[in-house]
Participant: 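Shown below is the structure under consideration.
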Amino acid sequence: ILFYQSNTKYNNLQKVIAGINTGDSSQAKALKIAYVDLDSIDARFEFYKSKIEAFEKKKDGLDRQLNNAYQQLDKRRIDFLQKGNAITQAEADVFKKEYDQQLQYLENQRRKTEQDVQQEAMIMRDDIFKKINDYLSGFCEERGYTYVFSYSKNANIFLYEDPVFNITEEVITGLNALYPKEEKKK
């Protein structure tokens with residue numbers, strides 16, 4: 001969940017609350033809070049959608065490559081077994097050793113590919129959240145927001161949200177203007 005500049009702002013909020021509790025109004029500032037619906041950003045932020053689409057295509061391509069390699073290995077196994085009684089024990093031992101080595105190699109490739117895909121997904125998500133945070137910094141300063149929280153139906157921390165404080169439309173419009181959809185590379 002995205003908390004807009006959480007550490008610094010949280011410490012500032014604690015100071016404001018402490019000032020209110022002790023009667024010191026020098027730290028007091030009107031809090032202006034809003035929230036952004038992350039599900040809507042996922043669905044309508046064009047830059048994000050183009051990044052996800054490219055990522056999914058790349059991931060699907062890697063999956064196809066691995067599946068093809070497994071199928072080729074299995075086809076070699078089936079072809080070898082079709083020789084039936086003509087296979088000597090020495091040939092069977094050599095084939096089994098090669099087959100096991102190739103299978104182990106493919107399993108290692110699968111694990112490495114999964115790790116690489118997860119790493120790339122985290123980097124992409126971090127980059128997108130950085131773009132959102134960078135945009136929100138100027139947006140909030142311009143409009144006087146103290147905090148902007150994120151909201152998502154899947155990871156909801158709000159028990160109630162008043163639509164009056166929903167700035168998602170303005171944020172999506174601004175993000176799409178600042179970060180246009182990436183053109184597909186040929």
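Note that the coordinates shown come from a computational prediction; the quantities given were computed from them, not determined experimentally. Only heavy atoms go into these numbers, but all of them, side chains included; no hydrogens, no water, no symmetry mates.
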Participant: Between K112 and D116, does any side-chain N to carboxylate O distance fall below 4.0 Å?
Facilitator: yes
Participant: Donor-acceptor pair, distance only, cut-off 3.5 Å: does the side chain of T168 make one with the backbone of D37?
Facilitator: yes
Participant: Taking atom types as modelled, is there a side-chain donor on D100 or Q104 under 3.5 Å from an acceptor on the other?
Facilitator: no
Participant: Check E53 with K49, please: is the shortest side-chain N to carboxylate O separation under 4.0 Å?
Facilitator: no
Participant: Step through the shown structure and confirm whether more than 12 heavy atoms of other residues, nucleotides or ligands are within 6.0 Å of NZ on K32.
Facilitator: yes
Participant: Are Q102 and Y70 close enough that a side-chain donor and a side-chain acceptor fall under 3.5 Å?
Facilitator: no
Participant: Using only heavy-atom distances, determine whether the side chains of Q89 and D93 contain a donor-acceptor pair under 3.5 Å.
Facilitator: yes
Participant: Please determine, by modelled atom types, if R111 and N108 share a side-chain donor-acceptor pair under 3.5 angstrom.
Facilitator: yes
Participant: Determine whether a donor-acceptor pair (N or O, by modelled atom type, separation under 3.5 Å) exists between the side chain of E170 and the backbone of I167.
Facilitator: no
Participant: Find out if a path of hydrophobic residues (ILVMFWY) with successive side-chain heavy-atom gaps under 4.5 Å connects V148 to L178.
Facilitator: yes
Participant: Does the side-chain contact (heavy atoms from CB on, under 4.5 Å) test come out yes or no for F139 and V171, once each step is laid out?
Facilitator: CA-CA 8 Å; F139 179 89; V171 171; 4.2 Å; yes
Participant: If you measure from the Lys or Arg side-chain nitrogens to the Asp or Glu carboxylate oxygens, is any gap between D42 and R125 under 4.0 Å?
Facilitator: yes
